[in-house]
> 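Dumping the structure here so I can ask a few things about it.
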Amino acid sequence: MHRRSLLAGAAALPAAALPTAALAQPANARVLKFVPQANLTSLDPIWTTANVTRNHAWLVYDVLYGMDARFQPQPQMAAGHTVEDEGRVWTFTLRDGLRFHDGEPVRATDCVASLRRWMKRNPNGQKIEPLVDELVALDDRRLRFRLKRAFPRLLASLANPSNPAAFIMPERIARTDPFQQIRETVGSGPFRFLPREYNSGSFVAYERNPDYQPVSSGAVSLTAGPKVAHFDRIEWHIITDAATAAAALQAGEIDWYEQPPPEIQQLFRRNRQIVVEPIDILPNPAILRFNHLHPPFNDRKIRQALLPAVDQTDYMTAIVGPDPAGFSSMGIFTPGTPLANDAGMGALLGPRSIDRSKALLKEAGYANQPIRLIGPTDILAPAALTQVAVDMFRKLEVNLDFVLTDWGSVIQRRASREPVEKGGWSTFLTAFSSFEFADPAGNFPLRGNGAAAWFGWPTIPRLEELRDAWFDAPDIEAQQRLAREIQLTALDEVPYIPVGAYLSMTSLRRNLSGRVPGFALFWNLKRS
Amino acid sequence: MFAYAVRRVLATIPVMAIVALFVFSLLYIAPGDPAAVIAGDQATPQDVERIRASLGLDRPFLIRFGEWVWNILNGDMGVSIFTNLPVTTMIQQRIEPTVSLMVLTLCLAVSIAVPMGVIAAWKQGSWIDRAVMGFAVLGFSVPVFVVGYVLAYIFALELDWLPVQGYTAFREGFFPWLENLILPSIALGGVYIALIARITRATMLEVLQQDYIRTARAKGAGQRNILFLHALKNAAVPIVTVIGIGIALLIGGAVVTESVFAIPGLGRLTVDAILRRDYPVIQGVVLLFSFVYVLVNLLIDLAYTLFDPRIRY
């Protein structure tokens, strides 16, 4: 054999290990260039709940259980589990051959430390933590939860794709205080984060994890199923200016623009090389939130009086335009999810009438108290919602004072519990991701636990009782029954008014295929 | 002159101290809370409080300011609240694109604007003069981002000659570096060219009326010698002053240009940090910009001696 043939053969060996899909493409075709919705400022998905950090985390980390699009947990890192002692003891077994990106094997102790950190920050986890008698590693591959009482939603909680997800990190990293940021990014997911190339505000890079073993069975669906990486390298280009990102996608400098604004979507629809489609099949809920501590919205009758004035179509049109395919009406839970229901929806979908609201306000004794609406100008959905609300309040001829600032100022101001005269607020509008409103665990504005509740601080004990009962519900039928009751209570007590749900659109080059609907997920995606 | 330079460098210390106090106070009283931004939309007030405490944002103003100044004196600009990276590292990552953009814009602007102004003064009242003045008005009137979008549309999208966005480091080759910077430099340079061209023209017109110019003409000096050797050198002091003042204009313009062309420079770092209320980064970058501005002014003052031998320090 000639020396040159030998060297060429040796160089080809690592390539032989690559999947066929990767081999079929030239080198630059195996790089995916992506523009995320925002800058990746923090790398710790437990410390912050920012969606962009969640998307980063799904590249790098893996979870014990994934969630499919029908909200069913499916094994990922776990080979399986057993349940004993009437649902009080859960034992999970890890799949064979799992490795972190630093080469270390994934052990049960890593999972225990990661879950302990996760329980401090995830709403499901916070519910589980006080029930835990023992969470231990039995050996390198098995961990056990021993609970004080049965918690039927344990598996669903571990599979939760957001808020944050129960990502598994090496024990040394997972021991970090959950209110402090981790200093290393080491996961066991399908892509490896490249810290040397990270330039916050500009560039993030990942490379395919050659040691990653996708689960061997199941269908690809949301965060469940085999996660096959078809790209050798993923690059995130942070482009804050929408017009620049749009031009870059049109010129083919990037492959995928995660969240183009509606006016840019119109432009893309005329370009045959670009596909515009919903990033998720589920829509994002939006709400009008009240401050329950001070007049006038500390009065249930006054909150109820606004219901006939809220036309969800107006609010949604302001965000996504007039095409009804882009939005849907909603109650308390995200449309299309198992708990979405029609109980009491007449309050939101019956005839809309400003005059009726005016009459109800008068009847409720509204005495022209000042109403301060706070809202941003720099975040698309809340800014558009706020403008519609300003118009609605003006038509209602209330004593309106609206304060428009940047989002950073809004989220600081909404933390104020002072009355309007002392710089407080009366109402604001915001939007959530579809998963957050899929159940009472993630739906923070639904909480009625007073001072400890989400901004607005409603005290509605009945909602808390129903929420607790939902956590303990043994099956989906019982959960759905409780969801109807929750919705009826919420539309009567009005902790907030749902103003509709809209589809978030994404744009990518037509030569990409296999994108997994949900959010920006990078496995299964390939270039044709 | 050396003693003067040393005195001026020492004078920057109180200036920087005042800037530091001003920036820190301004951020302290400005609305916004990084803990709330970090905690996200779903966070409870308790979560926000815990994060605020973990970041030390609940401590009194004087303690935080004293700590920050002490760290600065020890060469530590702090750590970004969001990225957990040292501010110095973040500045190092971003400094090259901004310096590249500013230097290229400066070279481009001076090499275009000064001859434009000289020729306009020489041909006062002609169509050339009117064209130069017309361009100057245009340069002042059209915002940088509009020029940027138009250039990107024509040269990147339609003609496909240059990239739409991004930055290539100088170490990866001169031409890739230039390719990414040429459109941003032209966009950013527009207003700067207009400013320098107008000042050059006005100053040259004044100088060209002087007796020594008439003497030079009487001695039979050529037009080029009169314009560039006799007139321009005497007009240089105000032109150099405007170039120096214009550096501040460039810093401001770079913020917009870097956003339009997605250049990962200090301008974008500043805007991102302000929107997130990343206090250590804002403080570090503003301090750096102030220092650069003070330094540029010093260099301009020292440059006067090169053009006017009567100036002595």
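All values below come from the heavy atoms of this structure, side chains included, with hydrogens, waters and symmetry mates left out. So you know, we letter chains A, B, ... as the sequences are listed, proteins then strands, and number each from 1. All figures in this text were calculated on a predicted structure; none of them were measured in a lab.
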> Under 4.5 Å from any heavy atom of chain B, what part of A:Q181 do you find: side chain, backbone, both or neither?
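Both backbone and side chain of A:Q181 come within 4.5 Å of chain B.
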> Does the side chain of B:I81 come within less than 4.5 Å of A:T41's, by heavy atoms?
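Contact flag for A:T41/B:I81 side chains = no.
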> Using heavy-atom distances under 4.5 Å, tell me whether A:I182 contacts chain B through its side chain, its backbone, both, or neither.
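When you check distances to chain B, only backbone atoms of A:I182 fall under 4.5 Å.
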> Should we count NZ of A:K33 as having more than 12 external heavy atoms under 6.0 Å?
no
> Can you find a heavy atom in the side chain of A:D241 that is under 4.5 Å from one in the side chain of B:Q165?
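They are not in contact (no side-chain heavy atoms under 4.5 Å apart), so the answer is no.
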> State, to 0.1 Å, how close B:L157 and A:A247 come at their nearest heavy-atom pair, and which atoms those are.
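Shortest heavy-atom separation between B:L157 and A:A247 comes out as CD2-O, 3.6 Å.
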> If you compare all heavy atoms of B:Q93 against all heavy atoms of A:N199, which two are closest, and at what distance to 0.1 Å?
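Taking B:Q93 first and A:N199 second, the nearest heavy atoms are OE1-OD1, 3.2 Å.
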> Report which part of B:P163 has an atom under 4.5 Å of a heavy atom belonging to chain A: side chain, backbone, both, or neither.
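Both backbone and side chain.
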> Any heavy-atom pair between the side chains of A:T244 and B:F145 that's under 4.5 Å?
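A side-chain contact is absent here, since even the closest heavy-atom pair is not under 4.5 Å.
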> Please state whether the side chain, the backbone, both or neither of A:R413 comes within less than 4.5 Å of a heavy atom of chain B.
neither
> Examine whether an atom of A:F203 lies under 4.5 Å from a heavy atom of chain B, and if so say whether it belongs to the side chain, the backbone or both; otherwise answer neither.
neither
> Would you indicate whether the side-chain heavy atoms of B:R268 and A:I238 approach each other to under 4.5 Å?
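Side-chain contact under 4.5 Å: yes.
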> Tell me whether the count of non-hydrogen atoms from other residues, nucleotides or ligands lying under 6.0 Å of CZ in B:R59 goes above 12.
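Yes - once you tally the heavy atoms of other residues, nucleotides and ligands closer than 6.0 Å, there are more than 12.
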> Under 4.5 Å from any heavy atom of chain B, what part of A:N39 do you find: side chain, backbone, both or neither?
side chain
> Please report the shortest heavy-atom distance between A:W47 and B:F82, naming the atom on each side.
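Looks like CZ3-O, 4.1 Å.
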> Select one option (side chain, backbone, both, neither) describing which atoms of A:A248 are under 4.5 Å from chain B's heavy atoms.
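The answer is both parts of A:A248.
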> Check A:S202 against B:R94 and note the closest heavy-atom contact, atom names and distance.
N-NH2, 3.9 Å
> Given A:T240, which of B:V260, B:D272, B:V271 fulfils the side chain to side chain contact (heavy atoms under 4.5 Å, CB included) condition?
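With A:T240 as partner, side chain to side chain contact (heavy atoms under 4.5 Å, CB included) holds for just one option, B:D272.
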> Around atom CZ of B:F61, are there more than 12 heavy atoms of other residues, nucleotides or ligands at under 6.0 Å?
yes
> Please report the interatomic distance CG(B:L85) to CG(A:L43), rounded to the nearest 0.5 Å.
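Spacing of CG (B:L85) from CG (A:L43) equals 7.5 Å.
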> Among A:A251, A:A415, A:A452, which residue forms the greatest number of heavy-atom pairs with chain B at distances under 4.5 Å?
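Greatest number of close heavy-atom pairs with chain B: A:A452.
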> Does atom CZ of B:F140 have more than 12 heavy-atom neighbours from other groups under 6.0 Å away?
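Yes, the 6.0 Å shell around CZ holds more than 12 heavy atoms from other groups.
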